[in-house]
*Asks:* 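Dropping a structure here in structure tokens format, bear with me for questions.
Treat the numbers as computed from the prediction; the structure is a model and nothing was measured. In what follows, every heavy atom counts, from backbone to side chain, and hydrogens, waters and symmetry copies are set aside.
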Amino acid sequence: MNEDVAISALAGLAHPQRLRAFRALVVAGLPGLTPSVLADRLGIARNTLSFHLKELSHAGLVTIEQQGRNLIYRADFSRMNGLLGYLTEHCCQGAPCEASAPGACTIC
């Protein structure tokens with residue numbers, strides 16, 4: 001991942017509704033969610049959610065699949081992990097961390 005892609009992804013998450021939607025899609029996992037289910041879970045209007053899902057899609061953080069008449073949105077876990085890796089790649093000056101949680105950095 002390069003800096004421009006990271007900035008785009010972070011900008012995509014830089015809104016409370018988009019962050020909530022992305023986190024809900026992460027929790028949903030590979031099955032994903034339809035916009036109507038996601039809107040109901042988040043308690044927001046579907047047209048508002050549509051705008052935010054479009055922004056997350058443009059940032060590369062969600063994928064969209066047509067299944068019959070439904071759209072299924074899924075978190076793009078490879079992009080998410082790439083962003084996390086980009087943000088932590090120089091953690092502990094490049095040395096492996098002795099963190100308690102996998103992928104977590106501690107101050108070395």
Side-chain angles (χ1 to χ4, degrees):
M1 176 168 291
N2 64 41
E3 186 176 81
D4 291 336
V5 173
I7 289 169
S8 175
L10 291 169
L13 294 171
H15 186 280
Q17 296 295 353
R18 287 195 293 271
L19 183 59
R20 288 178 62 216
F22 182 74
R23 291 186 73 197
L25 291 172
V26 168
V27 170
L30 294 178
L33 295 171
T34 62
S36 60
V37 170
L38 187 55
D40 290 344
R41 286 191 185 175
L42 297 177
I44 62 175
R46 291 181 185 159
N47 60 339
T48 301
L49 179 62
S50 176
F51 168 79
H52 291 304
L53 289 172
K54 183 176 115 183
E55 292 297 311
L56 288 170
S57 177
H58 285 155
L61 293 168
V62 300
T63 62
I64 309 163
E65 179 186 351
Q66 180 89 35
Q67 284 187 355
R69 294 177 30 202
N70 294 316
L71 293 175
I72 305 296
Y73 285 83
R74 294 181 182 91
D76 187 328
F77 290 98
S78 64
R79 179 63 64 101
M80 179 187 76
N81 289 330
L83 177 61
L84 293 172
Y86 176 81
L87 293 172
T88 60
E89 72 183 331
H90 297 295
C91 176
C92 298
Q93 298 176 358
C97 284
E98 299 292 327
S100 59
C105 281
T106 59
I107 298 174
C108 301

*Asks:* Between Glu3 (side chain) and Val5 (backbone), is there a donor-acceptor pair under 3.5 Å?
*Replies:*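 No.
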*Asks:* May I have the step-by-step check of side-chain contact (heavy atoms from CB on, under 4.5 Å) for His15 and Leu56, ending in yes or no?
*Replies:* CA-CA 10 Å; His15 186 280; Leu56 288 170; over 6 Å; no
*Asks:* Using modelled atom types and a 3.5 Å cut-off, is there a donor and acceptor pairing between side-chain atoms of Thr48 and backbone atoms of Ile44?
*Replies:*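 The answer is no, because no donor-acceptor pair under 3.5 Å joins these two groups.
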*Asks:* Taking all non-hydrogen atoms of both residues, which atom of Arg18 and which atom of Phe51 are closest, and how far apart?
*Replies:*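 The pair with the smallest heavy-atom distance is NH1-CE2, 3.9 Å.
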*Asks:* Please report the interatomic distance CG(Leu38) to NE2(His52), rounded to the nearest 0.5 Å.
*Replies:*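 Between atom CG of Leu38 and atom NE2 of His52 there are 11.0 Å.
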*Asks:* When rounded to the nearest 0.5 angstrom, what distance separates CD in Glu65 from CG in Asn70?
*Replies:*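 So the gap between those two atoms works out to 11.0 Å.
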*Asks:* Provide the full list of salt bridge (Lys or Arg N to Asp or Glu O under 4.0 Å) pairs with a residue in residues 24-38, sequence neighbours left out, each pair given once.
*Replies:*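 Checked against salt bridge (Lys or Arg N to Asp or Glu O under 4.0 Å) - neighbours excluded - no pair reaches residues 24-38.
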*Asks:* Go through Met1 and Arg79 one step at a time and tell me if the side-chain contact (heavy atoms from CB on, under 4.5 Å) criterion holds.
*Replies:* CA-CA 9 Å; Met1 176 168 291; Arg79 179 63 64 101; 3.4 Å; yes
*Asks:* So which atom in Ile64 and which in Ser57 form the shortest heavy-atom distance, rounded to 0.1 Å?
*Replies:*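 Closest pair (atom of Ile64, atom of Ser57, distance): CD1-OG, 3.7 Å.
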*Asks:* Does the side chain of Thr63 reach to within under 4.5 Å of the side chain of Ile72, using non-hydrogen atoms?
*Replies:*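 Counting from C-beta outward, Thr63 and Ile72 never come under 4.5 Å.
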*Asks:* Considering non-hydrogen atoms only, spot the tightest contact between Ser8 and His58 and give its length.
*Replies:*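 Answer, listing the atom of Ser8 first, then His58: OG-O, 4.3 Å.
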*Asks:* Please determine whether side-chain contact (heavy atoms from CB on, under 4.5 Å) holds for the pair Leu10 and Ile7, giving the CA-CA distance in whole Å, both sets of side-chain angles, and the decisive distance to 0.1 Å.
*Replies:* CA-CA 5 Å; Leu10 291 169; Ile7 289 169; 5.6 Å; no
*Asks:* Side chains of residues 19-37: which donor-acceptor partners sit under 3.5 Å, not counting sequence neighbours?
*Replies:*
{"from": "Arg20", "atom 1": "NH1", "to": "Gln17", "atom 2": "OE1", "distance (Å)": "3.2"}
{"from": "Arg20", "atom 1": "NH2", "to": "Leu42", "atom 2": "O", "distance (Å)": "2.9"}
{"from": "Thr34", "atom 1": "OG1", "to": "Ser36", "atom 2": "OG", "distance (Å)": "3.3"}
{"from": "Thr34", "atom 1": "OG1", "to": "Val37", "atom 2": "N", "distance (Å)": "3.3"}

